[in-house]
Amino acid sequence: QVQLVESGGGLVQAGGSLRLSCAASGRTFSSYHMGWFRQAPGKEREFVAAISWNGGSTYYADSVKGRFTISRENAKNEAYLRMNSLKPEDTAVYYCAAATRWAPWVQSEYAYWGQGTQVTVSS
């Protein structure tokens, strides 16, 4: 079992940057693929980015491609989402999640979820 805790959210102006962190408990973190999802008010939760267990593969939603970068440090049991050139439409609660099968955008494949961290981008 994996417990996930996100941090790093906050309020930022449009064009700014934030780095989200996802800290995982347990000694099996390196066996999980990690994903980031987000949910804006009144909208469904959507896929943002994913990284394979060893960092060899990454996948991004078109809306964030070129602006966001997902990474991980297995030795630290952490995953990250670097967000640059933030836009007001990036405002949402961001969740990290862990999956054993590589299907980056499929939410049902992610068995473990964090509690989320709020990101607010002002115009």
Q: For Lys43, I'd like to know if atom NZ has over 12 heavy atoms of other residues, nucleotides or ligands within 6.0 Å.
A: no
Q: For the atom pair OG (Ser63) and CZ (Phe47), what is the distance rounded to the nearest 0.5 Å?
A: 9.5 Å
Q: Can you check whether Ser7's main-chain N or O pairs, donor with acceptor, with Ser21's side chain at less than 3.5 Å?
A: no
Q: Show your reasoning for whether side-chain contact (heavy atoms from CB on, under 4.5 Å) applies to Cys22 and Trp36.
A: CA-CA 9 Å; Cys22 174; Trp36 286 94; 3.7 Å; yes
Q: To the closest 0.5 Å, what do you measure between CD (Gln107) and CZ (Phe37)?
A: 5.0 Å
Q: Could you walk me through whether Leu20 and Thr117 pass the side-chain contact (heavy atoms from CB on, under 4.5 Å) check?
A: CA-CA 8 Å; Leu20 305 184; Thr117 186; 4.0 Å; yes
Q: Please find the pair of heavy atoms, one from Ser52 and one from Arg72, that lie closest to each other, and give the distance.
A: O-NH1, 2.9 Å
Q: Taking the side chain as everything from C-beta on, heavy atoms only, tell me whether Leu86 gets closer than 4.5 Å to Leu18.
A: yes
Q: Indicate, with yes or no, if Leu81 and Trp113 share a hydrophobic cluster defined by side-chain heavy-atom contacts under 4.5 Å among Ile, Leu, Val, Met, Phe, Trp and Tyr.
A: no
Q: For the backbone of Gln115 and the side chain of Glu6, can you confirm whether one donor and one acceptor N or O come within less than 3.5 Å of each other?
A: yes
Q: Sub-3.5 Å donor-acceptor pair from the side chain of Arg67 to the main-chain atoms of Arg82, do we have one?
A: no
Q: Check Ala97 against Leu4 and note the closest heavy-atom contact, atom names and distance.
A: CA-CD1, 3.7 Å
Q: Verify the neighbour count for atom CD of Gln3: are there more than 12 heavy atoms of other residues, nucleotides or ligands below 6.0 Å?
A: no
Q: Should the pair Tyr59 and Trp105 be assigned to parallel (<30°), tilted (30 to 60°) or perpendicular (>60°) ring geometry?
A: tilted
Q: Cationic tip of Arg45 within the cone over Tyr95's six-membered ring, i.e. under 6.0 Å and within 45° of the normal?
A: yes
Q: Measure from the side-chain N and O atoms of Ser30 to the backbone N and O of Asn74, and report whether any donor-acceptor pair falls under 3.5 Å.
A: no
Q: For His33 and Trp102, take the angle between the two ring planes, folded into 0 to 90°, and tell me which bin it lands in: parallel under 30, tilted 30 to 60, perpendicular over 60.
A: perpendicular
Q: How close do Ile51 and Ser71 get, counting heavy atoms only, and between which atoms?
A: CD1-CA, 3.7 Å
Q: Establish, yes or no, whether the cationic atom of Arg101 lies under 6.0 Å from the six-membered ring centre of Tyr110 and within 45° of the ring axis.
A: no
Q: Search all heavy atoms of Met34 against all heavy atoms of Ala98 and return the closest pair with its distance.
A: SD-CB, 3.7 Å
Q: If the threshold is 4.0 Å, N to carboxylate O, is there a salt bridge linking Asp90 and Lys87?
A: no
Q: Give a yes or no answer on whether the side chain of Thr91 reaches the backbone of Thr120 with a donor-acceptor pair at less than 3.5 Å.
A: no
Q: What closest approach, in Å, do Phe29 and Ala79 show between heavy atoms, and which atom pair accounts for it?
A: CZ-N, 4.0 Å
Q: Can you hop from Val48 to Val93 via hydrophobic side chains spaced under 4.5 Å?
A: no
Q: Would Arg38 count as a cation-pi partner of Tyr94, with NZ or CZ less than 6.0 Å from the six-membered ring centre and within 45° of the ring normal?
A: no
Q: Is there a path from Ile70 to Tyr112 through hydrophobic residues (I, L, V, M, F, W, Y) whose side chains come within less than 4.5 Å of each other?
A: yes
Q: Quick one, Trp53 with Tyr32, criterion side-chain contact (heavy atoms from CB on, under 4.5 Å). Give me CA distance, side-chain angles, the key distance, then yes/no.
A: CA-CA 5 Å; Trp53 68 275; Tyr32 291 94; over 6 Å; no
Q: Determine the minimum heavy-atom distance between Ser17 and Asn84, stating which atoms define it.
A: OG-OD1, 2.9 Å
